[in-house]
Undergrad: 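Quick one: the structure is below, questions incoming.
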2 protein chains.
Amino acid sequence: MSTINDVAARAGVSAATVSRVINVNSNVSPETFKKVTKAIDELNYRPNILGRNLRKTKSERILVILPNISNPFYSEIVKGIEDVANQNGYYVMLCNTDSDLAREEKYIKMLKGQLADGAILMASEMNSDDLAELSKDIPVVQCCEYKEGIPMPHVSIDNELAAYKAVKHLIGLGHEKIAFIGAKNQFLSSSLRKKGYIRALGEAGINFDPDYCDYGDYSYKSGFRIMKQLLKLSQRPTAVFCISDIMAIGAIRSAMEEKLQIPEDIAVCGFDNIYFSKMFKPSLTTISQPMYDLGCVAMDALVNMIENGKAETMHYFLEHELVIRESTVK
Amino acid sequence: MSTINDVAARAGVSAATVSRVINVNSNVSPETFKKVTKAIDELNYRPNILGRNLRKTKSERILVILPNISNPFYSEIVKGIEDVANQNGYYVMLCNTDSDLAREEKYIKMLKGQLADGAILMASEMNSDDLAELSKDIPVVQCCEYKEGIPMPHVSIDNELAAYKAVKHLIGLGHEKIAFIGAKNQFLSSSLRKKGYIRALGEAGINFDPDYCDYGDYSYKSGFRIMKQLLKLSQRPTAVFCISDIMAIGAIRSAMEEKLQIPEDIAVCGFDNIYFSKMFKPSLTTISQPMYDLGCVAMDALVNMIENGKAETMHYFLEHELVIRESTVK
DNA sequence: TATATATATGAAAACGATTTCATAAATACG
DNA sequence: CGTATTTATGAAATCGTTTTCATATATATA
């Protein structure tokens with residue numbers, strides 16, 4: 001591959017002038033411009049990004065850290081990130097952690113050595129102190145999951161309100177025995193969604209029953225398993241609110257296996273509105289998260305931090321929506 | 001951020017020695033080693049990747065070009081790519097093209113400027129000539145979709161055989177009126193799968209009926225729409241083979257809307273075995289592609305090309321499997 | 001003991017661009 | 001017409017590493 005100096009030599013100018021032509025900068029005479037572009041074409045020259053990056057001490061990349069790219073929820077967000085990154089001249093690097101802190105930290109370390117100009121964290125395994133520390137060195141935005149009380153912006157929805165709305169919808173349908181399939185982990189969304197569930201129950205004068213509360217790991221299998229247990233209760237619930245679509249689908253298949261009709265015998269509501277939710281039979285009532293937009297806004301915020309050195313605001317809350325489908329209403 | 005020179009100064013050694021310590025190279029005395037690591041810790045120094053990359057003229061990255069990361073088929077492959085890339089010290093950059101050639105070519109151009117050390121192409125929109133040209137400059141591997149007759153390795157399954165097996169399965173169940181929902185595009189897999197369909201029919205002495213053949217775009221909607229039309233035929237098919245799971249699911253929902261029972265009234269077979277296929281009700285009979293492994297093998301091949309300058313072989317065919325589920329067998 | 005080799009280190013070059021600074025030529029201004 | 005400004009260009013510095021080459025010291029070998 002030819003370098004800027006090869007081009008300069010062939011065009012009979014200096015490397016500086018070639019650089020000016022490449023970067024459509026300033027004050028290049030038309031003849032020189034022509035000579036240089038001709039040389040560039042003849043040599044099929046492409047500016048070397050490694051050289052450029054070093055000189056500018058800018059990587060022109062951003063890093064996306066997430067648990068699992070094959071989770072449709074995250075991959076849709078990544079699409080939003082990628083589009084906005086592109087519009088702003090950034091490339092996207094991917095770090096799939098499999099929720100392994102060590103793997104995440106390996107990347108974080110490299111980040112400090114300018115692996116990327118900034119990062120978007122989804123469901124990070126790091127603790128608040130480390131995140132706060134990181135935010136001093138590198139522009140970072142939290143997307144969906146986030147830690148509170150640290151100087152790091154986040155983009156998410158109002159999880160408590162969303163869960164509240166979902167459960168209120170079930171109550172509005174006449175349900176009183178409403179179970180909850182959540183998750184026990186460090187993520188704020190898990191506790192907020194439970195909080196919303198409890199608030200809706202409380203408001204309707206329904207007692208919170210711990211027997212109706214169980215915890216999975218967002219997987220199909222865990223939804224399946226927990227539903228089986230709920231169905232064994234002497235007072236079987238008539239509705240279930242799950243904090244993820246995948247668990248909801250697992251729960252539905254579980255109930256179907258027991259020859260129960262959805263929603264007649266038991267109504268199920270999910271959370272996320274992944275692509276598959278509307279295809280599923282019965283199609284899934286769920287909280288729609290604006291995944292693509294979450295990605296876009298997170299990336300927008302990150303560009304802002306990178307280029308202006310500071311965040312415009314710490315809290316971005318995007319709108320969610322209750323999407324009512326066959327799994328709760330015939 | 002401190003540089004290698006800061007560390008050198010603090011440790012009272014030269015930058016070269018610090019570099020030796022960082023790279024666990026050779027011949028550093030224990031005392032020096034200690035001094036340097038101490039200075040590194042005190043300054044919280046991380047080697048700058050931009051400097052390192054330039055000096056080595058190696059980006060230590062690979063680029064993955066694909067139509068759509070939120071397609072569960074591709075995202076699972078990316079996971080395989082990422083894991084193997086990591087094991088070999090490469091970072092993964094993502095290019096989501098939305099099947100837009102211009103977007104793809106923008107990245108390809110940068111590739112020539114060392115944006116990455118190599119690339120994996122999935123369902124590229126480029127023509128054979130351009131791909132052949134590209135393969136002269138950059139190590140590139142085609143994954144799943146590929147062009148034949150160019151000096152660029154590919155990793156895929158035997159699409160013709162897979163389709164043949166799927167259709168043979170339907171024939172084995174007694175079906176004779178078997179429709180085909182394919183795709184009309186430049187991709188080899190589309191024509192190969194159709195070829196397999198025709199071969200299975202021919203072998204069973206079933207006439208190929210063009211009325212039973214229609215083409216979608218891999219989407220849920222297209223599967224849905226085409227099934228509607230197939231059901232309007234005076235001689236309605238009793239089985240349908242779809243070249244993607246998503247279209248198969250669309251087709252099933254379409255038939256369900258017409259009050260047909262799956263598989264009693266009409267059996268449906270998909271292709272890919274995406275994550276959702278087993279969750280769907282009825283669970284989907286399909287050809288299982290080893291998506292994760294396809295990614296792993298593609299990345300393995302790419303590492304080989306990058307580091308040894310040549311491909312070991314041009315053709316990698318991985319095993320597929322017919323997975324029989326509820327959508328064809330009660 | 002004299003020489004050959006191994007070990008440990010530093011100075012300087014190199015990777016390939018961009019950018020600063022200097023300067024010459026061209027143009028504008030009074 | 002003389003000076004000030006703008007335009008166009010090149011030389012050299014710079015970004016932060018790694019690596020080559022040179023060299024001094026320590027160790028091994030004969």
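It should be emphasised that the depicted structure is a prediction, and the values quoted were computed from it without experimental measurement.
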Undergrad: Give me the residues of residues 34-52 of chain B where at least one heavy atom lies under 4.0 Å from an atom of DNA chain C, by number, or none.
TA: none
Undergrad: What residue among A:Val140, A:Leu115, A:Val92, A:Val141 forms side-chain contact (heavy atoms from CB on, under 4.5 Å) with A:Ile62?
TA: A:Val92
Undergrad: Taking all non-hydrogen atoms of both residues into account, name the closest pair between B:Asn44 and B:Met1 and its distance.
TA: O-CE, 3.3 Å
Undergrad: Measure the distance from CG on A:Asn53 to P on C:dT18 and round it to the nearest whole Å.
TA: 10 Å
Undergrad: Once hydrogens and angles are ignored, does a donor-acceptor distance under 3.5 Å link the base of C:dT18 to the side chain of A:Arg55?
TA: yes
Undergrad: Just how far, in rounded Å, is P of C:dA17 from CD of B:Gln114?
TA: 9 Å
Undergrad: Which heavy atom of B:Tyr91 sits nearest a heavy atom of A:Met93, and at what distance?
TA: CB-CE, 3.3 Å
Undergrad: In whole angstroms, how far is the P atom of C:dA17 from the CE atom of B:Met110?
TA: 11 Å
Undergrad: Rounded to whole Å, how long is the line connecting atom CG of A:Leu115 with atom C1' of D:dG16?
TA: 15 Å
Undergrad: Please report, rounded to the nearest Å, how far the C1' atom of C:dG16 is from the NZ atom of B:Lys112.
TA: 19 Å
Undergrad: Please report the distance, rounded to the nearest Å, between CD1 in B:Ile4 and C1' in C:dA12.
TA: 14 Å
Undergrad: Between the main-chain N or O of B:Ala102 and the side-chain N or O of B:Asp100, is there a donor-acceptor pair closer than 3.5 Å?
TA: yes
Undergrad: Counting only heavy atoms not in A:Lys109 (residues, nucleotides, ligands), do more than 12 fall under 6.0 Å from its NZ?
TA: no
Undergrad: With nearest nucleotide decided by heavy atoms, which residue, A:Lys56 or B:Asn27, maps closer to the 5′ end of DNA chain C?
TA: B:Asn27
Undergrad: Charged N to carboxylate O under 4.0 angstrom, B:Glu42 versus B:Lys38?
TA: yes
Undergrad: What is the bend of the helix from C:dT1-D:dA30 to C:dG30-D:dC1 when you compare the axis at one end with the axis at the other, using five pairs each and rounding to 10°?
TA: 30°
Undergrad: Closest heavy-atom contact between A:Val13 and A:Val36?
TA: CG2-CG2, 3.9 Å
Undergrad: Counting only heavy atoms not in A:Glu312 (residues, nucleotides, ligands), do more than 12 fall under 6.0 Å from its CD?
TA: no
Undergrad: Is it the case that over 12 heavy atoms from other parts of the model lie below 6.0 angstrom from the NZ atom of B:Lys58?
TA: yes
Undergrad: Step by step, would you call B:His154 with B:Phe317 a ring pair (Phe, Tyr, Trp, His ring centres under 6.0 Å)?
TA: CA-CA 8 Å; B:His154 70 90; B:Phe317 284 103; 5.2 Å; yes
Undergrad: What's the CD-C1' distance between B:Glu31 and D:dA26, to the nearest Å?
TA: 13 Å
Undergrad: Take the protein atom CG of A:Asn5 and the nucleotide atom P of C:dA17, then report the distance between them rounded to whole Å.
TA: 8 Å
Undergrad: Hey, can you pull the residues of residues 8-24 of chain A with a non-hydrogen atom under 4.0 angstrom from DNA chain C?
TA: A:Ala16, A:Ser19, A:Arg20, A:Asn23
Undergrad: So, is A:Thr32 close to the D:dT9 phosphate, meaning a side-chain N or O under 4.0 Å from OP1 or OP2?
TA: yes
Undergrad: Less than 4.0 angstrom from a charged side-chain N to a carboxylate O is my criterion; do B:Asp83 and A:Arg103 meet it?
TA: yes
Undergrad: Taking all non-hydrogen atoms of both residues, which atom of A:Asn96 and which atom of B:Glu82 are closest, and how far apart?
TA: CB-OE1, 2.8 Å
Undergrad: Does B:Ser29 place a side-chain N or O at less than 4.0 Å from the phosphate oxygens OP1/OP2 of C:dT9?
TA: yes
